[in-house]
Undergrad: 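Can you keep this structure in mind? I'll have questions shortly.
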Amino acid sequence: MRRTDLDGRRGDPLDVAFSATAIIDGHGIVQGWSEGAELLLGYRTDEVLGRSAAVLLAEEMTEESRRSLAGREWWSGRVALRHREGRSLIVALLAHRRTSPGESGGWALETAVTGLPDRPGKPSGRRGDASVVAHDATERHWPRERLLLLNEAGTRIGSTLEVAQTVQELLDVTVPRFADFACVDLLAFVGQRGEPPPDPVTGPIVLNRTAQRSVLENMPEALGDVGSMAAYSAFSPPTDCLAVGGQAARYEMTDAVINRWSPNDPSQAAGIRATGMHAVIVAPVRARGVTLGVVCFARHVHSEPYTEDDVLLAEEITARAAICIDNARLYTRERTTAVDLQRSLLPEKLPDQTAVEVASRYLPAVVRAGVGGDWFDVIPISGGRVALVVGDVVGHGVQASATMCRIRTAVRTLAEIDLAPDELLTHLDDLVMLLSAELLSTKAETAGGFGATCLYVVYDPVTRRCTLARAGHPPPVVVTPNGTADFLDLPAGPPLGLGGLPFESVDIELPEGSLLALYTDGLIGKRGQNIEKRLDTLLEELGRPAPSLNSLCDGVLGALLSPQPVDDIALLVARTRALNAHQVATWDVESDPAVVAQVRAKVHAQLAAWGLDDLLFTTELIVSELVTNAIRYGQPPIRLRLIHDRTLICEVSDSNPTAPHMRRARVFDEGGRGLLLVAQLSQRWGTRHTRTGKTIWAEQFISAASEESSL
C-alpha cells in the first residue's frame, strides 16, 4: 500500500489495515525495512538499515527467549517494541527464518495493524487487533519475496532422485513462507511402477499422502499420516483440480465449491474448519503430460487470503517440483527394473554340491547411475568339482545388467565343457570384445565400448587342489583353518575386452576347511578412505571366528559397507571340503582288450563294498564301453576312477587329446553304439580336456535306498 493511501489522501486512513516487515540478518543487523514498519515505529529506512535490531526492542531479550529460537524456523507471539519517540508498542509478530541462497540465516519479522499509530500533530486513530500475518503487503517486498521463493525452489528442490525427499523439499521451501500447512498427495502409480492413468483424472480419487508440513507442532491440520491413502469425492477441490486438466485454484471457506463438497466429505471438511483454515490453493503436480498428484497450500496463522498472484506463484513452484518428482519417478522405475533384472539373473539358491559350503551377498548401489553389473555364480562341474566365479561389468543401468547376463551365460556354458580357468577367460575376452563391437555399431554416440573383470576358480575335493585365474579383478582372500587370512598372490591379468593379452592360471593345494572369499571392488573401494585400511579390515573380518558363513558375510558387510554405497557389492565365500579316501577308487588299465573283464570285476566288487548293488549292471556296461573305447582309440596311460559322491561318477582318462563324438550306427554296423549306450544309461556324460589328454566321464543318480545302505 502506498504512503499516500495511509496519509488520508485516498479514503479514511483510520479504516485501513497495513503490515510492517523488518528483515534481520544472521548477525542481528537490520537489512530490510518496509513502509509499514516506518509508519509503525517512526524510523526512516536510512535511520535503521545497518543498525542492530536491539534498538527496536523495548525490553532486552532474555537468554530463555534466545534458546527458544534456536533450531526453530518460525515463531509467533507478542513483543514490546520501542517507537522512535521512546514509547513502547505491544504488537503481535510472526518471525520466520530466511533460508534464501546467499543469506546468512537471518529472520523476517512481520505484523499487521488496523488503524494508524499515534503520530505527531495527528489525533490518535482507532486501534485494532495486531493480528499475525506471514507476509508483508507492501509493493516492494512481495515481488522480491516471490522471486526469492522461485529461486530457492529452483536450487533446493530436486537435490536427490528420491520421490519422498523431493516432495519434502517442496514443502520445506513453501512452509512457513508461503503457507502455514502444505501437503503433497500423489497417485498410487508414482510409487508402484505402474502406468499413469488417462488424463484428466476423474473423481472420486484415492491419493497417497506422500509428505506434509505445518508451522504448528504435531500438525493438527493433517487428516492422515504420511503413507496413508486419502479418498476424495467427485466434488472435492483436489478432484476438481485434476479433472479440469491440471489448473491450480484458490478457495476460501465460504466459497460455493467448499459448501458443495462439505456434505460429501463431512469428516474432512469438519477437520479443515476445526483448524481455522480460511484460504487454500490446490495445484496439480503435472510433468511431461502426466498427472502425478496434487499439492495443497493452506493458511490459518496468516490472516491474508491468497491472491491470483499467489496462485501463479504456487503453479510455478509446483511445476518446477513436478519435473523433479517425475525425474525421481522415472529413475526409480528404471533402477527398480534394473535391480529386478539383476536379481533374476543371479542365482536365487546356490546349488547343492559336496565340494564347498557357500554363502553370498549382493547389494545394489544407491546412486543416480543405477544398478551395476556385479555378479557371482557357483557351478557344479564334472568329477565332483565346483567352479566359483565373480565378475563386474563396467557401467550401470539396464545395459550393464543385460551385458552381465550374457557374460554369465557364457561362463556357465564354458564351464560345462570343462575349460581350464585361463582358457575360459581367453574365450570370455573374445566374447566381451564382440559385445563391445556390437554396442559401438548400434550406438554411434558411445565414445567407447565396455569392459568387465572376472575371477574364475575351480576346486577339486578329491585332490584338494584349486586352480584360479583372474582378468583385472581384485585377488581372492584365502583363510587357513587356523584363521590366518591373506590375499592370494595371483597374476592380475588384463580386464576382459582388451584382446590379445594372455591370462595365467595358478594351482594351489588347500587344506580341508580353508576359506575362499571372492568379491567385487565395491566392497573395498570407498571415496575418501584409505584403500589399504579397508583391505586390512577385510582380512581382519574374514579371519574372525563366526558361527556360520552367513554370519561371516554379515560381519564383513557391517565393517565395510557405507550407508550410501556408490557401487554394487557382490561377496561369495566358500569353505572347502574334501572327499574321504574310501569314496574314491582308482585303477590303471593296460592297453589290452583282454583286461576289460578284469576291470568289470573290480568295479563289481567296489560297488558292492559301497552298497550300490542297484547300480551294478548299468555301471559295468558304462565302464566296459568307456574302457574299450580308450583301449581302441586312445593312448596309454589309461586310468579308471570311480567317485562315490552325491552321484556315482565314472571317469576314464587317456593321453589322446582327441575327443570322441557320438554317432548313430546303421543297422549292420558292428560299432558306433558305445557312447550312445553310455548316454542312455547315465544322467550326464561328457568330455573334459586335461593337460595330458582327455577324460570321458558319466554320472548316475544314487537312489535314497542305496545311499542309506552305503552309510
Side-chain angles (χ1 to χ4, degrees), residues 163-164 166-168 170-171 174-175 178-192 194 196-214 219 221-275 277-287 289-300 305-306 310-319 321-322 325-326 329:
V163 172
T166 303
V167 296
Q168 189 60 53
L170 166 62
L171 302 188
T174 53
V175 177
F178 183 70
D180 302 317
F181 172 78
C183 62
V184 179
D185 294 338
L186 299 181
L187 292 166
F189 81 93
V190 175
Q192 298 176 359
D199 200 55
V201 179
T202 58
I205 58 174
V206 177
L207 299 173
N208 176 32
R209 177 60 53 88
T210 309
Q212 53 193 11
R213 181 178 171 88
S214 171
M219 283 188 283
E221 314 95 323
L223 301 180
D225 297 328
V226 172
S228 63
M229 305 304 292
Y232 294 96
S233 70
F235 303 101
S236 65
T239 304
D240 282 349
C241 170
L242 299 182
V244 298
Q247 294 181 354
R250 62 186 176 100
Y251 303 92
E252 296 183 6
M253 290 299 104
T254 57
D255 288 348
V257 173
I258 302 297
N259 294 329
R260 183 182 61 164
W261 166 57
S262 298
N264 294 278
D265 290 320
S267 61
Q268 291 182 351
I272 290 175
R273 286 195 175 98
T275 62
M277 290 185 187
H278 62 86
V280 176
I281 291 179
V282 181
V285 182
R286 186 179 179 85
V290 176
T291 299
L292 306 173
V294 295
V295 181
C296 296
F297 303 101
R299 285 179 175 174
H300 52 80
Y306 283 120
D310 293 329
V311 175
L312 295 176
L313 178 62
E315 280 188 326
E316 179 64 24
I317 293 176
T318 304
I325 295 171
D326 197 47
R329 175 185 73 89

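Values below: every heavy atom of this structure, side chains too, minus hydrogens, waters and symmetry copies.
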Undergrad: Does the side chain of Leu186 come within less than 4.5 Å of Val163's, by heavy atoms?
TA: yes
Undergrad: With a 4.0 Å cut-off on N to O distance, would you call Asp185 and Arg209 a salt bridge?
TA: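 Yes, charged N to carboxylate O under 4.0 Å.
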Undergrad: State, to 0.1 Å, how close Ala248 and Pro284 come at their nearest heavy-atom pair, and which atoms those are.
TA: N-CD, 3.7 Å
Undergrad: Taking side chain as C-beta onward, heavy atoms only, is Gln247 less than 4.5 Å from Cys241?
TA: no
Undergrad: Say whether, by atom type as modelled, one donor and one acceptor occur between the side chain of Arg213 and the main chain of Val175 under 3.5 angstrom.
TA: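 Side chain of Arg213 to backbone of Val175, a donor-acceptor pair under 3.5 Å: yes, one is there.
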Undergrad: What distance do Ile281 atom CD1 and Arg250 atom CZ have between them, rounded to the nearest 0.5 Å?
TA: 8.0 Å
Undergrad: Could you go through the side-chain hydrogen bond (donor to acceptor under 3.5 Å, both in side chains) check for His300 and Glu221 one step at a time?
TA: CA-CA 10 Å; His300 52 80; Glu221 314 95 323; 2.6 Å; yes
Undergrad: Counting C-beta onward and ignoring hydrogens, is there a side-chain heavy-atom pair between Thr210 and Val226 closer than 4.5 Å?
TA: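 A side-chain contact is absent here, since even the closest heavy-atom pair is not under 4.5 Å.
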Undergrad: Which pair of heavy atoms, one from Leu170 and one from Thr174, lies closest together, and at what distance?
TA: O-OG1, 3.0 Å
Undergrad: Side chains of Leu292 and Leu187, heavy atoms from C-beta outward: is any pair under 4.5 Å?
TA: no
Undergrad: Considering non-hydrogen atoms only, spot the tightest contact between Ala322 and Ala287 and give its length.
TA: O-CB, 3.6 Å
Undergrad: Parallel under 30°, tilted from 30 to 60°, perpendicular over 60°: which one fits the rings of Phe178 and Tyr306?
TA: tilted
Undergrad: Could you go through Phe297 and Val311, starting from their C-alpha distance and side-chain angles, then the distance that decides it, and tell me whether this counts as side-chain contact (heavy atoms from CB on, under 4.5 Å)?
TA: CA-CA 10 Å; Phe297 303 101; Val311 175; over 6 Å; no
Undergrad: Given side chains that start at C-beta, do those of Ile325 and Val285 come closer than 4.5 Å, heavy atoms only?
TA: yes
Undergrad: Would you name the heavy atoms of Val280 and Ala298 that are closest together and state the gap between them?
TA: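 Looks like CG2-CB, 4.1 Å.
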Undergrad: By the definition side-chain contact (heavy atoms from CB on, under 4.5 Å), identify the one residue from Thr166, Asn208, Val167 that meets it with Val184.
TA: Val167
Undergrad: Cys296 and Val282: which non-hydrogen atoms are nearest, and at how many Å?
TA: SG-CG2, 4.0 Å
Undergrad: Would you say that Phe181 contacts Leu171 through its side chain, given a criterion of any heavy-atom pair below 4.5 Å between the two side chains?
TA: no
Undergrad: I want to check something: taking the side chain as every heavy atom from C-beta on, are Asp310 and Arg299 in contact at a cut-off of under 4.5 Å?
TA: yes
Undergrad: Heavy-atom distance under 4.5 Å between the side chains of Leu312 and Glu315, does that happen here?
TA: yes
